[in-house]
Every structure is written in structure tokens, then in C-alpha cells.
Amino acid sequence: MPRPTAPANAASLRAPKAPRYHDALSFMERRKPQGSGIDHWVVSPTGNYSADYETGESLAVEFLTFIGTYPTVCHSTLLTCVLRDMIDHAVAGQGWSGVHAGFAHGVSQYAMATARVIVSRMGGEATHA
């Protein structure tokens, strides 16, 4: 049986063509006026902390699913943009809410799981403080 060629192998590893992240992610939109950039955190908390927390966790899954599906160099910096806009909105008066906490928790859970895989591949053991 012939071995697959390098181009055939490479083609199977390519990520699908990525849509514009600000169009694909529900919590982002273009700033107005046109040409003034992207707002990476367009979220309005309801005031119900538990419901907002769940919303934040859902947004984290949405975000991680997107960057996992479309692992581009641009998307590797996207979390920084989200955090920056969270901070900018906080400075402008939008307080910390359950949406923020749920998003941070959701991203942290996946970061911890990934870190555990990295540690196990390096032959290390998890430690507890």
C-alpha cells in the first residue's frame, strides 16, 4: 500500500477558513463610527449574578470553541483583546459582574485542563498548595 504524500497529510491538518471573529462571536461587534475598531466585550449583565455567571461560562465555551476551530495567529491574541475591553468598560463604569466571573472561570477551567495535559506529557505530577 503506498504511503500518503506530504501534501495529502498537510491538507488534512489545515484548519477551516476562519470567519471574521467579530461576526462569529456573539459578544463582539464593530465600533461606531465604522473604521474605529472592534469592541471585544459587548455584554450587558442582567443583575442576576447566577444567571449572568452561567452566561459568562457559555461565552467562554463559545470563545474557546471558536479559537479551537480556527487556530490562527490572530486568534492566539484574541483573549488579550477581550480582557482589555473588559478593563476599558470597567474604567468607564461597567462594574464586575457574574458574566465577567463566569467567563474568567470558564477560560480558567480549560486552561487548567490543558496545563494538566502538558504536565503529564512532561512526566510531572500535579501539586496542590
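What you see below is based on every heavy atom in this structure, not just the backbone, and it leaves out hydrogens, waters and symmetry mates. Since this is a predicted model, take the numbers as computed values, not measurements.
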For residues V43 and F103, determine if any side-chain heavy atom of one lies less than 4.5 Å from a side-chain heavy atom of the other. no

Are I38 and R30 close enough that some pair of their side-chain heavy atoms sits under 4.5 Å apart? yes

Cluster link Y110 to F66, ILVMFWY, side chain under 4.5 Å: yes

Can you list the residues that meet the side-chain contact (heavy atoms from CB on, under 4.5 Å) rule with T46, with sequence neighbours excluded? N48, D52

Classify the ring geometry between Y53 and H105 as parallel (under 30°), tilted (30 to 60°) or perpendicular (over 60°). tilted

Any chance you could measure T80, atom OG1, to H40, atom NE2, to the nearest 0.5 Å? 10.0 Å

Pairs where residues 104-114 contributes a residue and the test salt bridge (Lys or Arg N to Asp or Glu O under 4.0 Å) is met, not counting sequence neighbours: none

In this structure, are over 12 heavy atoms from other groups packed under 6.0 Å from Y49 atom OH? yes

Once rounded to the nearest 0.5 Å, what's the spacing between atom OH of Y21 and atom NE2 of H75? 7.5 Å

Listed partners of Q94 passing side-chain contact (heavy atoms from CB on, under 4.5 Å), at least two apart: W41, P45, H89, H100

Partner residues of E62 under the side-chain contact (heavy atoms from CB on, under 4.5 Å) criterion, sequence neighbours left out: L25, S26, F27, L59

Can you name the residues that form a side-chain hydrogen bond (donor to acceptor under 3.5 Å, both in side chains) with D88, not counting sequence neighbours? R84

Looking at P19 and A24, what are the two nearest heavy atoms and their distance? CG-CB, 4.0 Å

Which atoms form the tightest heavy-atom contact between L78 and I67, and what is the distance? CD2-CG2, 4.4 Å

Same hydrophobic cluster for V107 and V42, using side-chain heavy-atom links shorter than 4.5 Å among ILVMFWY? no

How many angstroms lie between atom CE of M28 and atom CZ of F63, to the nearest 0.5 angstrom? 6.5 Å

Kindly write out the residues that satisfy side-chain contact (heavy atoms from CB on, under 4.5 Å) with L83, not counting sequence neighbours, or none if the list is empty. L79, M86

